[in-house]
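Note on naming: letters A, B, ... go to the chains in the order of the sequence lines (proteins, then strands), and numbering restarts at 1 for each one. Not measured: the values here are computed from a predicted model.
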Amino acid sequence: MTKHELPKAYDFKSTEPRIYAMWEKGGYFKPHNDPNKPGFDPTVKPFVISIPPPNVTGELHIGHAMFVSVEDLMIRYHRMKGYSALWVPGSDHAGIATQLMVERDLLKTEEVTREELGREEFVKRTWEWKYKYGNIITNQIRRLGASCDWDRERFTLDEGLSRAVREAFVRLYEKGLIYRGPRLINWSPGLKTAVSDLEVEYNEEDATLYYFKYKLADSDEFIPVATIRPETILGDTAVAVHPEDDRFKKFIGKNVIVPILGREIPVIADHYVSREFGTGALKVTPGHDPNDYLIAQRHNLPIISMLDVEAKVNENGGKYKGQDRFDARKNLWGDMKAAGLVIKTEPYHTTIPRSQRGGEIIEPMISTQWFVKIESLAKAALDAVRDGRIKIVPERFEKVYFNWLENIKDWCISRQLWWGHRIPVWYCPNNHMTVTREDPAQCAACGSKDIHQDEDVLDTWFSSGLWPFSTLGWPDETPDLKYFYPTSYMETGYDILFFWVARMIMSGLEYTGQAPFHTVYLHGLVRDEMGRKMSKTTGNVIDPITIMDDLGTDALRFTLLVGSTPGNDTNVGVKKVEANRNFANKIWNAGRFVISAIDSLHATRNVDAGTQADTYTGTHGDGTRSTQHDSSANWTLADSWIWARLQQLIRDVERQFQNFQYGQAGQQIYDFIWSDFADWYVEIAKEQMKNDATQLSTVGTLARVFDIAMRLLHPFTPFVTEEVWGHLREAVGQNAILSNLAKDWPNALIVAKWPEPREPEGWEEAKIADFELIQEIVRSIRNLRMEKGVAPSKKIAASFAGGAKTELLKDQSRVIASLAGLDSSLLAIHSSLAEKPKDAATLVVGSVEIYLPLAGMVNIAEEKSRLEKDLKEAESHIERLEKLLSSDFANKAPAALVQKERDKLAAYKDTAEKIKAQLK
RNA sequence: GGGCGCUUAGCUCAGUUGGUUAGAGCACUUCGUUUACACCGAAGGGGUCGGGGGUUCGAGUCCCUCAGCGCCCACCA
């Protein structure tokens, strides 16, 4: 028989890669019920999560660690529960981000621009980049313990997914839900592409408000106008005033002269203009302002674009042509000043639109782009959440979701980029458009062979919107799609609720007729320990890789999972992770103790064979009990208590999981393992194991409770639990007496059965209450010893006396005695009833009196004042409870609750009486 | 301008249908190196749950209101 020698400290560094390789090699990440394999059972329930695909060129940050932790927990839990669990991994081509990265790299290493390289070559280089670096992020996700089915890994630009994108586009086009045309869109001059409304961020910034004169064409009068962007004067096509504004009424219908350019434009009346705001008159630049664009449509004004794709002034800007927008602003203003058209400038605080990507100021521009008519899609997506087909956790985000979809505008899906899904539209010289699923050889309308494809690519989110079903084979009716779709949970950060989640819902409903998932779980953002957003410039980034190197993956995962609440941001500091590294070590050592207990059991029994039952049949492998607690005469109070607590824990954890309260669940498991199991049960077990009568049941209980605790904890901290459980399994399996216990245990914890909650058995509550009394007694004895400064090594006898509860102590005297022997803060305790010894300190806990002969240390006066203090406390409780029980509480509160308070009152009264007797 | 969140121990945070004397980690004080663990154990100190009002037998929890902080959405030059 091999003894199990395990190192004192948990070595996560060597364990984690080994365990992950074992899982992957063992095929545990694959759904156990696979529709592509023989023996498939369609009645087995699947549980499916599509990973939020990280950017293929990205590197792991704490946000990834967060979603991987949560999703892996969800997957592992359902896998253990018997679902055919599938977590589909993959990555996103991330159009703009990737293109920028490759562009920057090319410029640095080869000093060549993307334009110089040409489209075809650039795309080729980007693919090379993808092959070279694309697995960095997925390997980092592996390090987090992600139990994804890597054989099903997908990439948004894969052939299959590209086909899905194409199918989706063509379908929408055929339904008339996609159109192309010139519209005012958000233009990013640096990236030289259109971006969607969502990709524009509005920041409060300091700016300047420029006041100037719009001179009348036929008089010397002028209309004062203010603007933040004077250069847009070059594109003005009207000046608008409020129709009832007495100051400007007289000018309506007349013309004013555009400064410097000298064009004449009309003065129009529109209710949009606010009389109170600014000068009360508004310059109208329909080509570069969304409001002005609407005004222009109402008044049939011409629309002038005065900027090119790089936001330089174009030919419509007269002498300013070729100047950058900000240079033009300065120069034009200077010229206007010289011409006496300037009134004043003043500092102004306003919202400036900036590109989410590049950070530069977005310019509204007229441009021909592709759009999705969103109204019908949005309506369907709204309904799916309204009628409960999709539930959002936490619920408050449903309101946010509704609000966004109710006010949504058509989605600009074309981007002037090279890296992405090219728009599947071909043009011929006759201006026909051919939109087909397969690349056409000729124009569908006129047959012209002289066709060329649209230069633009699709918004990245167009393809990621298809992710839940495109990754399963859509548009083909694959076995995967049939079985695994719709998926189960969509877990992601609330920051991409609109970008991604809403679009997946719209797409899923539109293309598959089904909601792509039934639950949306949103986690919060991870911030630093001071609640600040992590950013490279602030230097407060917590790198998950470093954390995993230093403290282990389990510690990181547990930190992210516990102490955070759905939808709320969470602050993470290294201190917290350290605490959880300690927890991993605690688990390891508790496991070591259990294993050594098992090994020692074997050794002892061999010597003493025959005097005891030599097999242990206390339980089934999944933690269900085959024998009644009470029939096992050898069970001590502590055994019963820890078992009852465990059952309680299983019930609580199950409830928390159903309510998505993962943090709470984790916290409770932590408390159980550390406080109940390690601090109390293990310490008691040490003593119980010395006794032949209790050794077997104690070791059995240690093994069973620890086994189940590891199962509960596994979704949180998969590595350490897998590792230590593996050792446990081996130890139990090799043990002649206990091996029966592990006969149903699988080869790895990852696929072990989840402990199912059972209805509380009648005895549980009472045993817990009894043990809590013992704990209280022990604590007060320890407390007294501390107070008296009794050396921890000094053993003292104790006697107990008291009322009905004393029976408990009599029965469980061995528990007390056991504590006495080994606990440094406790002492030898004789549990026999006794008269109060001379020169003893007295404690009253509940109805129990405890005498501690502390010869020489007991000071009568001190003793008296301590007892008086205790009495005072008891009396204050009595007063409070009597008041409570004489109030309406007694009539209106639930009977059980009232009874509980009555019991408490009785106990305090008893305590008070006992103390009074002592004081006499 | 709308909407949402947060405000609980020195710090970072839990606290799910309202129900004991409000919890954890870290930090702090005292004691301890007992053969699972010093990445440890024991005993402590520390909170009028942001302010005010209300509903209720009972409020950290529900309602109203005020204040501070943060976030999201929104076309006021």
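Evaluation of the ring-ring contact (aromatic ring centres under 6.0 Å, His included) rule for A:Phe593 yields no partner, not counting sequence neighbours. A:Trp187 pairs by the ring-ring contact (aromatic ring centres under 6.0 Å, His included) definition with nothing, not counting sequence neighbours. In terms of the side chain to side chain donor-acceptor pair (under 3.5 Å) criterion, A:Gln668 has no residue partners (sequence neighbours excluded). Every residue two or more places apart in sequence or in another chain was checked for a salt bridge (Lys or Arg N to Asp or Glu O under 4.0 Å) with A:Lys586, and none qualifies. With sequence neighbours excluded, no residue satisfies ring-ring contact (aromatic ring centres under 6.0 Å, His included) with A:Tyr401. A search for ring-ring contact (aromatic ring centres under 6.0 Å, His included) contacts involving A:Tyr494 returns A:Phe397, not counting sequence neighbours.
Following rounding to the nearest Å, A:Phe660 (CZ) and B:U17 (C1') show an atom-to-atom distance of 17 Å. Between A:Arg527 atom CZ and B:C11 atom P there is a gap of 19 Å when expressed in whole angstrom units. With rounding to whole Å, A:Leu556 atom CG is found 20 Å from B:G25 atom P. Between A:Gln656 atom CD and B:U17 atom P the separation is 11 Å, expressed in whole Å. Residue A:Asn589 contributes atom CG, which lies 10 Å from atom P of B:C40 at whole-angstrom precision. In this structure, the CD atom of A:Glu395 is 14 Å from the C1' atom of B:C4, given to the nearest Å. The CD-C1' distance, from A:Glu776 to B:A43, rounds to 15 Å in whole Å. The distance from atom CD of A:Glu276 to atom C1' of B:C76 is 11 Å, rounded to the nearest whole Å.
Remark: A:Lys576, A:Ala579, A:Arg581, A:Asn582, A:Asn585, A:Lys586 in residues 576-587 of chain A come within less than 4.0 Å of RNA chain B through at least one heavy atom. A heavy-atom distance below 4.0 Å to RNA chain B is reached by these residues of residues 892-902 of chain A, ordered by number: A:Lys892, A:Ala893, A:Pro894, A:Leu897.
Between B:A36 and A:Lys686, a contact under 4.0 Å exists linking OP1 or OP2 to a side-chain N or O. Dashed line: the shortest gap from a side-chain N or O of A:Thr350 to OP1 or OP2 of B:A77 is under 4.0 Å. Note on A:Arg782: a side-chain N or O is less than 4.0 Å away from OP1 or OP2 of B:A43. Taking 4.0 angstrom as the limit, A:Asn407 places none of its side-chain polar atoms (N or O) nearer than this to OP1 or OP2 of B:C73. Applying the 4.0 Å criterion to OP1 and OP2 of B:A77, one finds that A:Tyr348 has a side-chain N or O inside that range.
Taking the six-membered ring for Trp, A:Tyr670 and A:Phe672 have ring centres at least 6.0 Å apart.
If you take atom P in B:U20 and the same atom in B:U34, they sit 41 Å apart, rounded to whole Å. Comparing the P positions of B:C39 and B:A59 gives an interatomic distance of 46 Å, to the nearest angstrom. Taking atom C1' in both B:U29 and B:A22, the straight-line distance is 23 Å, to the nearest Å. Comparing B:A14 with B:C6, their P atoms are spaced 9 Å from each other, to the whole Å. Rounded to whole Å, the P atom of B:U8 lies 14 Å from the corresponding atom of B:U61. The separation of B:A9 from B:G50, taken at their P atoms, amounts to 8 Å, rounded to a whole angstrom. Annotation: B:U17 and B:C37 have their P atoms spaced 41 Å apart (nearest Å). B:U55 and B:C62: their C1' atoms are spaced 8 Å apart (whole Å).
Contact annotation for A:Asn783: backbone-only contact, meaning every heavy-atom pair under 4.0 Å involves sugar-phosphate atoms and none involves a base. Across all strands, A:Arg655 comes closer than 4.0 Å to base atoms (heavy-atom distances). Residue A:Lys883 is out of contact with every strand shown, counting any heavy-atom pair closer than 4.0 Å. Using a 4.0 Å heavy-atom cutoff across all strands shown, A:Ser274 reaches at least one base atom of the nucleic acid. Among the heavy atoms of the strands, none lies under 4.0 Å from A:Val562. Note on A:Thr565: only backbone sugar-phosphate atoms sit closer than 4.0 angstrom, heavy atoms only; bases stay farther off.
With no hydrogens or angles considered, a side-chain donor-acceptor pair links A:Glu199 and A:Ser196 at under 3.5 Å. Under 3.5 Å, the side chains of A:Glu16 and A:Thr553 contain a donor-acceptor pair of N or O atoms. In the model, A:Asp11 has a side-chain atom that pairs as donor or acceptor with a side-chain atom of A:Ser14 under 3.5 Å.
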Checking A:Asp569 against A:Arg527 for the salt bridge (charged side-chain N to carboxylate O under 4.0 Å, His left out) test, could you report, in this order, the C-alpha distance in whole Å, the side-chain angles of both residues, the deciding distance, and whether it holds? CA-CA 7 Å; A:Asp569 293 353; A:Arg527 299 169 175 280; 2.8 Å; yes

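Annotation: of the two residues near RNA chain B, A:His877 and A:Trp674, the 5′-most nearest-nucleotide partner is A:His877. Judged by closest nucleotide on RNA chain B, A:Val572 is the one of A:Lys904 and A:Val572 placed further toward the 5' end.
Which of B:A77, B:G25, B:U16 sits closest to the side chain of A:Tyr670 comes down to B:G25. Nearest to the side chain of A:Asn568, among B:U16, B:C6, B:C75, sits B:C6.
Listed by first and then second residue, the side chain to side chain donor-acceptor pair (under 3.5 Å) pairs involving residues 572-583 of chain A are A:Thr559-A:Asn580 (not counting sequence neighbours).
Of the residues listed (A:Glu201, A:Glu363, A:Glu205), the one engaging A:Arg354 in a salt bridge (Lys or Arg N to Asp or Glu O under 4.0 Å) is A:Glu205, and it is the only one.
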Donor-acceptor pairs under 3.5 angstrom involving side-chain atoms of residues 656-664 of chain A: please list them, not counting sequence neighbours.
from	atom 1	to	atom 2	distance (Å)
A:Gln658	NE2	A:Tyr77	OH	3.1
A:Gln658	NE2	A:Glu654	OE2	3.2
A:Asn659	ND2	A:Arg655	O	3.3

With a cut-off of 3.5 Å and sequence neighbours excluded, list every side-chain donor-acceptor pair involving residues 283-291 of chain A.
from	atom 1	to	atom 2	distance (Å)
A:Lys283	NZ	A:Thr232	OG1	2.6
A:Lys283	NZ	A:Asp236	OD1	2.9
A:Lys283	NZ	A:Thr285	OG1	2.8
A:Thr285	OG1	A:Asp236	OD1	2.6
A:His288	ND1	A:Pro364	O	3.0
A:His288	NE2	A:Met306	N	2.9
A:Asp289	OD1	A:Asn291	N	2.9
A:Asp289	OD1	A:Asp292	N	3.1
A:Asn291	ND2	A:Tyr272	OH	3.0

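At a cut-off of 3.5 angstrom, counting only N and O atoms as typed in the model, there is a donor on one side and an acceptor on the other between the side-chain of A:Glu683 and the base of B:A36.
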What dot-bracket string describes RNA chain B from 5' to 3', counting Watson-Crick and G-U wobble pairs whose defining distances are under 3.5 Å, with [ ] for crossing pairs and | for pairs to another strand? (((((((..((((.....[...)))).(((((.......))))).....(((((..]....))))))))))))....

